[in-house]
Protein chains: 2
Amino acid sequence: MELAEGKLKFIEAWGKLGSEWGINRTMAQVHALLLISPEALTTEEVMAELSISRGNANMTLRDLIDWGLVEKQHKTGERKEYFFAEKDTWIIARRVAEERKKRELDPVIKILGQLTEVKGDEKDPAFMAFKSSVININKLANNVNKTLETMLKAEENWFFGSIFKMFKK
Amino acid sequence: MELAEGKLKFIEAWGKLGSEWGINRTMAQVHALLLISPEALTTEEVMAELSISRGNANMTLRDLIDWGLVEKQHKTGERKEYFFAEKDTWIIARRVAEERKKRELDPVIKILGQLTEVKGDEKDPAFMAFKSSVININKLANNVNKTLETMLKAEENWFFGSIFKMFKK
DNA sequence: CCAAACTTTCAAAAATAAGTGAAAGAAAAG
DNA sequence: CTTTTCTTTCACTTATTTTTGAAAGTTTGG
């Protein structure tokens, strides 16, 4: 396979994966493009490579910056802004985990906490089923939460290294 | 908070979480409804509770069965089919992880493997950047894959228990 | 200031995904 | 069989998400 074909496949695969995980396809594609680019690109270049509009490129790049996956760069003597992606996959994974935890897991945990407090008739099977489901999901969510918090602090080698060691015992 | 209100909040929260993770909102809501229901429900009941059409209810229930999250039940002497959700959250988490691994991670790992083989000019920065990104993502993906495989075999207590123990050292 | 170069916004359009409901299909009862 | 009861399908509608592009906004150099 040639580089040009490989690039296209990579961008396509990353875009598809993103959309299966609730991330807009174009955003994942722009990220992929910047990931495999040795140097920072301008908005114009991103637009041209992926055939997307100026507005779309601008918004998408801004979102990637919000996620902490892309940075603006300025070249001396130039007016244009350049965009550059973080290349360390462990940092990428952490940023994504961090952002999604904040946006999605934290709110759900808050609601589950409230739902734990729902009062009702202990003789009512509907109430008991509700209560036990909520308690169990709450436990799982808190376990996931703690694991994520640990991961966010960890070094890659230490994190995966320790997990693997643990399973070899 | 009352049970009725709690139910609605739970269904709503579960639906929202689902849609943020690429799962259709109605599917997550039907799952939520069955999760907090002490007994199996009919298609009619699901339709009524969530105000959805027969077609939608039918397709959604079938999808949930495909994901291994819901089972059909037959009551003796009755024609109707009843649907019942697995209640053990650890089993739910495992089923979801298993299914998504199969549908999403495995294909991506396959493509990454192919992209590792792309040949090009070692002097070309574009080629080198591509190659190193692909290699790094490939490594991360394989780490995630191995961790998932282990998790799929594990017991909940052992899995989270071991992770926590590990981090207390 | 002003004009050129560049960036951001957002209402409208396009694309995609999800939901409906009536009709067709299946299975059990009589 | 054939009627009844229940389930599945799918062409069409509706809702949601994404993209566009032109206009407004901003920054910088002269």
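Each chain gets a letter, A, B and so on, in the order the sequences are listed, and its residues count up from 1. Keep in mind the model is a prediction, meaning the values are calculated, not measured.
In this structure, A/Glu99 places its CD atom where more than 12 heavy-atom neighbours from other residues, nucleotides or ligands lie under 6.0 Å away. In the displayed structure, A/Lys75 atom NZ is contacted under 6.0 Å by more than 12 heavy atoms of other residues, nucleotides or ligands. Other residues, nucleotides and ligands contribute over 12 non-hydrogen atoms within 6.0 Å of the NZ atom of A/Lys87.
In this entry the distance linking CD1 of A/Ile23 with C1' of D/dT17 reads 15 Å, nearest Å. Look at NE2 on B/His74: it is 17 Å from P on D/dT5, rounded to the nearest Å. Rounded to whole Å, the distance from CG on A/Leu50 to P on D/dT18 is 16 Å. Between B/Gln29 atom CD and C/dG19 atom C1' the separation is 13 Å, expressed in whole Å. Atom CG of A/Asn24 and atom C1' of C/dA17 are 14 Å apart (whole Å). In this structure, B/Ile65 atom CD1 and D/dT7 atom C1' are separated by 12 Å, rounded to whole Å.
Using a 30° and 60° split on the angle between ring planes, B/His31 and B/Trp14 fall in the tilted class, from 30° to 60°.
In this model, no donor atom of one side chain and acceptor atom of the other lie less than 3.5 Å apart for A/Trp90 and A/Glu155.
Under a 3.5 Å cut-off, the side chain of B/Asn56 and the backbone N or O of B/Ile52 do not form any donor-acceptor pair.
Closest to the side chain of A/Ser53, from the set C/dA18, D/dG21, D/dT18, is D/dG21.
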Annotated protein contacts, base or backbone, on nucleotides 5-16 of chain C with a non-hydrogen cut-off under 4.0 Å, one of B, S, - each: BSSBBB------

